[in-house]
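Accompanying notes for the structure given below.
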There are 2 protein chains.
Amino acid sequence: MRIGALSRRTGASERSLRHYEKQGLLHPQRDESSGYREYREDDVRTVRNIRTLLAAGLNTAVIADLLPCMVEDEGELAPGCAGLVTDLNRERDRISAAVAELAASLDVLDTLITAAPPETADDPACAEDDAEPSPVHS
Amino acid sequence: MRIGALSRRTGASERSLRHYEKQGLLHPQRDESSGYREYREDDVRTVRNIRTLLAAGLNTAVIADLLPCMVEDEGELAPGCAGLVTDLNRERDRISAAVAELAASLDVLDTLITAAPPETADDPACAEDDAEPSPVHS
DNA sequence: CTAGAGTCTGACACCCGTGTCAGAGTCAAC
DNA sequence: GTTGACTCTGACACGGGTGTCAGACTCTAG
């Protein structure tokens, strides 16, 4: 199939598909006369795997290493890629740290929201009487 | 105090402090003869507030709106900043969505890690240098 | 043959806080 | 007077997947 069809079947834009190829994630054949990319049926699944991993926060370089190890089944890894687990765990830690950071950010915002002056608070439960009119600095 | 001192006291680089000013977050006086920025003692706290909000995922435009409403105390909001709570809640929702997205990413990675082949030490061709037999850490 | 859809490559923009550099001016200390 | 630390402005780069455009070529249906 050509790039337009693959785009429709995967939801990835043609732009993205060309980008994935340039990053070494896809290797479509080329039509000799036209130069058009010719994708195989397998590539539909490959692109979906790529999208999944991108959504997981991995970049194309990491995915390029990971992709050859993925097999047909649900997120399963091919044998012989055991060393990859180290990389995956590193990614996992990275994402985990990001989650922790954002969770802390939520706390900061919640503190601010809770401390909002009573007249502006959405939730009446947050209302407090000690509205101290401190001068607003310029 | 001048920019170097403020940088040391806040941990923000001079580059960042100049950036914050350009974004309207700081308004230091200028020495008439030298043109050097002159910061007030208050600015130390202001910069710390800025850093906190940036760490919370807010951008400088949002912070510019938010900053005049913050008072001296811990994350408290000044009165008379109606409508701000709505903005804060929107930011909260945005971060919350990001957390959910990353959590889903963690699931994807965990699925891959769990599906990894059980230490294929049998096949030397698959051995990798960085393949440490470390257990999956969570 | 022709119109229109499909595809090609290459390039620029975006986000947005931060790092870094260059060239020049300022200030305090010796 | 000289040296060295400090500061100034402006500009470029980064990450990194994606949007979008321009100009040109290819394919297919009528």
Side-chain angles (χ1 to χ4, degrees), chain A residues 1-39 43 46-67 91 94-95 97-98 101-102 105, chain B residues 1-39 43 46-67 91 94-95 97-98 101-102 105:
Chain A
M1 87 200 78
R2 293 206 291 257
I3 196 169
L6 184 60
S7 173
R8 280 187 296 274
R9 289 184 59 182
T10 61
S13 69
E14 301 179 8
R15 174 70 179 82
S16 293
L17 293 176
R18 297 193 185 100
H19 179 64
Y20 298 158
E21 179 182 355
K22 186 160 262 180
Q23 302 306 310
L25 307 185
L26 291 175
H27 308 280
Q29 300 285 321
R30 293 297 185 116
D31 182 278
E32 288 189 3
S33 61
S34 69
Y36 285 7
R37 292 170 177 82
E38 268 302 324
Y39 295 94
D43 291 327
T46 301
V47 170
R48 286 182 183 150
N49 284 338
I50 292 171
R51 307 284 282 180
T52 298
L53 294 173
L54 282 176
L58 279 63
N59 62 30
T60 53
V62 173
I63 295 174
D65 292 338
L66 184 53
L67 220 46
E91 294 298 329
R94 186 182 54 72
I95 296 175
E101 203 166 313
L102 286 184
S105 300
Chain B
M1 87 201 78
R2 292 207 291 259
I3 196 168
L6 183 60
S7 172
R8 279 187 296 275
R9 289 185 59 183
T10 62
S13 68
E14 301 180 7
R15 173 71 178 83
S16 293
L17 293 177
R18 297 194 185 101
H19 178 63
Y20 299 158
E21 179 182 356
K22 186 160 261 181
Q23 302 306 310
L25 306 184
L26 291 175
H27 308 279
Q29 301 284 324
R30 294 295 186 119
D31 183 278
E32 287 188 6
S33 61
S34 68
Y36 285 7
R37 291 170 179 81
E38 269 300 327
Y39 296 94
D43 291 326
T46 300
V47 170
R48 286 182 183 149
N49 284 338
I50 291 171
R51 308 283 283 180
T52 299
L53 294 173
L54 282 177
L58 280 62
N59 61 32
T60 52
V62 172
I63 296 174
D65 292 337
L66 185 51
L67 219 47
E91 294 297 329
R94 185 182 55 72
I95 296 175
E101 203 167 312
L102 286 183
S105 300

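Every chain is numbered from 1 and lettered A, B, ... according to where its sequence line falls, protein lines coming before strand lines.
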**OP:** Indicate yes or no: at least one non-hydrogen side-chain atom of A:L17 is less than 4.5 angstrom from one of A:D43.
**Re:** no
Rounded to the Å, how far apart are [X] [atom1] and [N] [atom2]?
| X | N | atom1 | atom2 | answer |
| --- | --- | --- | --- | --- |
| A:Q29 | C:dC8 | CD | P | 14 Å |
| A:I3 | C:dA5 | CD1 | P | 19 Å |
| B:I50 | C:dC16 | CD1 | P | 17 Å |

**OP:** For A:G35 and for B:L58, find the nucleotide of DNA chain C with the closest heavy atom, then tell me which residue's nucleotide is more 5'.
**Re:**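 Closest to the 5' end, via its nearest nucleotide, is A:G35.
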Subject >> Nucleic acid contacts - residues 12-25 of chain A versus DNA chain C, non-hydrogen atoms under 4.0 Å >> reply: A:E14, A:R15, A:R18
**OP:** Name all residues meeting the side chain to side chain donor-acceptor pair (under 3.5 Å) criterion together with A:S16; count only those two or more places apart in sequence or in a different chain, and write none if there are none.
**Re:** A:S13
Subject >> Qualifying residues under side chain to side chain donor-acceptor pair (under 3.5 Å), relative to A:T10, sequence neighbours excluded >> reply: none
Once side-chain contact (heavy atoms from CB on, under 4.5 Å) is applied, do any residues pair with [X], and if so which ones, sequence neighbours excluded?
| X | result |
| --- | --- |
| A:A97 | none |
| B:R48 | B:V44 |
| A:E38 | A:R2, A:Q29 |

Subject >> salt bridge (charged side-chain N to carboxylate O under 4.0 Å, His left out) contacts touching residues 12-29 of chain A (sequence neighbours left out) >> reply: A:E14-A:R18, A:E21-A:R30, A:E21-A:R37
Original post:
Which residue pairs pass the side chain to side chain donor-acceptor pair (under 3.5 Å) test when at least one of the two sits in residues 50-59 of chain B, sequence neighbours left out?
Top reply: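 Pairs touching residues 50-59 of chain B that pass the test: B:Y20-B:R51.
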**OP:** Only counting residues at least two apart or in another chain, list the ones meeting salt bridge (Lys or Arg N to Asp or Glu O under 4.0 Å) with A:R9.
**Re:** A:E41
Subject >> Partners passing salt bridge (Lys or Arg N to Asp or Glu O under 4.0 Å) against B:R8 (at least two apart in sequence or in another chain) >> reply: none
Original post:
Could you write nucleotides 25-30 of chain C as a row of B, S and -, 5' to 3', where a protein heavy atom under 4.0 Å of any base atom gives B, of only sugar-phosphate atoms gives S, and otherwise -?
Top reply: BBS---
Subject >> Contact interval (first through last nucleotide) of DNA chain D with protein chain B, 4.0 Å heavy-atom >> reply: D:dC6 to D:dA11
